[in-house]
Every structure is written in C-alpha cells, then in structure tokens.
Number of protein chains: 2
Amino acid sequence: MNLDDAAARLEALGNPTRLRIYRILVRAGAEGLSVGRLQAKIDIAASTLSHHLKSLVVVGLVTQTRGGTTLVCHANYDIMRDLLGYMVEECCAEGSCAPIELPKVA
Amino acid sequence: MNLDDAAARLEALGNPTRLRIYRILVRAGAEGLSVGRLQAKIDIAASTLSHHLKSLVVVGLVTQTRGGTTLVCHANYDIMRDLLGYMVEECCAEGSCAPIELPKVA
DNA sequence: TTTCTATTTCTATATTTCCGGAAATACCGT
DNA sequence: ACGGTATTTCCGGAAATATAGAAATAGAAA
C-alpha cells in the first residue's frame, strides 16, 4: 500500500459516523449487514448513510453484495490488515507502536 | 481510547501531507526534527506546514519542545500505539486484521 | 535595544465535506 | 405492467478544510 492510498483509507475512517459504521460491520461478521439494518442501528438519514458507505466502498474498506432487493455490506478485513501493516511498517519506530497483545495471523 | 478520539486521530493522519509529515517524524527518531528542517524536506509554505502540524499536535500524535529559537517536533509513539490498539480491538474480527510479522512490545 | 532567524497568527480564497429532503432507480412479488 | 420496499442520486446550504502571502511574535545574540 502506498502513502496516498493509506491516507485515503485513514480519511475514510476518520469520521466518527463512518468509523462507527465500519465497527458495526466488523462486528456483524462474515454475513454482513444490509444497508437498511445498518440504518436502523445508527439512525441517520438514508441518503447520509449512503454517502458514508460510498466513501468506505471507494477506498475498499467495505464491499457490497446484492441479495435480492437489499444490499449487504461487509467489512473488508484484507484492506484493514494491509492498512494496519502499512502504519506499523511506515509510521512506527521499531516496535514502539506495536499494539499490545496483538493476535497473530494463523 | 474512545471512538471519537480515534476518529479524530485517523482524520489527522488521513491527509497525504500530514501522513508524510508524521512518517518523517517517526523516521527522525527520538531527537525529532525542527519545523524548519521539516519544511525543507517537504517543500510547502511555512504557514501551511504550521497548520498541519497543529492538527497533529491537537490530537496528540505529535509533540513539540522548544530548543532555543527552534521548535522541535516528535512523533508520539504512545498515542500511535493506542490508536493501533483501538483499531485492532474494535475494528477487527478476531485475528483477521492483525498485521503480519508485527513486532512485540518488549 | 536592535537585529536576525524561526515560527505562528492573520487574512483571504478556493475547495471540500456533511447533512438530509426530494426525486430517481433497482429489484422483487403479484 | 403495477405496487411496494430498498437504496442511491441530485441538489443545495452551512460548515470545515487547504493553501499561502503578509504581518506579527518569540527567542537568541550582538
């Protein structure tokens, strides 16, 4: 991941509403969550939610799959892992920033 | 760290210029880098750099210490570690997002 | 105090973001 | 095709951000 992509992804997560959305999607697990259910959880206008979701989709942090009439959103773990990897490698002094008790990738 | 603080810090890093600044400061190590030397490295107007630095200082990612007439900037590893910790704990599914080969805190 | 350098604040402008109502579109069941 | 639900696009206003020149401030040194 290059610096500009990393910055774009950090910017996408750097809004409380969007960070909340992403966090909810992570907790929703592999089956994801429809836009409608998401909206019910966070109580913002549908159009606003759509805008935020688009921001997350554009940078690859969220993917959407259509299931009939509903769009299901999923957190993209690969992108998040790469983003965290970038930050650790490029923006940390040797070991000084490693999160404590970090689970290893199996 | 709560969600709003995390979002504010991600937003601060979510700008290519600021991410570059932070990256340079990390690489500068413990002795840090003066605003002047920083400016020489990235070639933007002094006032613009000052604004970006302020954004990073406000959220705690950068600290400044005065050494005579020059202000020396330091990356704050503690805040970065906490931020990465937040992301791993709150925004990752168990293990799915752990960066590969992450160094442990001694 | 005067002067020099370093950095910030002031001021201004252009651009972008955030928000949500209204309208449009997409898809499904009948 | 029609009706209903889900979601997005369009639009615009308010607020925030990015950028930088000019002026102001802080500190050191003479």
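Note that these values count all heavy atoms, side chains included, but never hydrogens, waters or copies made by symmetry. The chains referred to below are lettered A, B, ... by the order of the sequence lines, with proteins before strands, and numbering in each begins at 1. This one's a predicted model, so the numbers in the text were calculated from it and none came from an experiment.
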With a 4.5 Å heavy-atom cut-off, do [X] and [Y] have their side chains touching?
X: B/Asn15; Y: B/Arg20; result: no
X: A/Asp82; Y: A/Tyr86; result: no
X: B/Met80; Y: A/Cys91; result: yes
X: B/Val35; Y: B/Cys73; result: yes
X: A/Leu38; Y: A/Leu25; result: yes

Open item on the list: Taking the nucleotide of DNA chain C with the nearest heavy atom to each, does A/Glu11 or A/Gly68 sit closer to the 5' end?
Closed with: A/Glu11
Determine the contact category for [X]: base if any of its heavy atoms lies under 4.0 Å from a base atom, sugar-phosphate if only primed atoms, P, OP1 or OP2 are that close, otherwise nothing.
X: B/Thr69; value: base
X: B/Ser34; value: sugar-phosphate
X: A/Arg18; value: sugar-phosphate

Task: Contact boundaries on DNA chain D for chain B, cut-off under 4.0 Å to non-hydrogen atoms - done: D/dA18 to D/dA28
TODO: Answer with yes or no whether the hydrophobic clustering places A/Leu49 together with A/Tyr22; edges join I, L, V, M, F, W, Y residues whose side-chain heavy atoms lie under 4.5 Å apart.
DONE: yes
- [ ] Treat each ILVMFWY residue as a node, draw an edge where side-chain heavy atoms are under 4.5 Å apart, and state whether B/Val72 and B/Tyr77 are in one component.
- [x] no
- [ ] Measure from the side chain of A/Arg66, starting at C-beta and using heavy atoms only, and say which of C/dT8, C/dA6, C/dC27 lies closest.
- [x] C/dC27
TODO: Determine to 10° how strongly the helix from C/dT1-D/dA30 to C/dT30-D/dA1 is bent, judged from the axes of its five-pair ends.
DONE: 20°
Task: Crowding at CZ, A/Arg37 (>12 non-hydrogen neighbours, <6.0 Å) - done: no
Open item on the list: For DNA chain D, which residues of residues 38-53 of chain A approach it to below 4.0 angstrom with any heavy atom?
Closed with: A/Ala46, A/Ser47, A/Ser50, A/His51
Open item on the list: Restricting to side chain to side chain contact (heavy atoms under 4.5 Å, CB included), what partner residues turn up for A/Glu11, sequence neighbours left out?
Closed with: none
Open item on the list: Please enumerate all residues that pass side chain to side chain contact (heavy atoms under 4.5 Å, CB included) together with B/Ala7, with sequence neighbours excluded.
Closed with: A/Pro16, A/Leu19
- [ ] Quick one: which residue pairs count as a side-chain hydrogen bond (donor to acceptor under 3.5 Å, both in side chains) with a foot in residues 40-68 of chain A, not counting sequence neighbours?
- [x] A/Arg18-A/His52, A/Thr65-A/His74
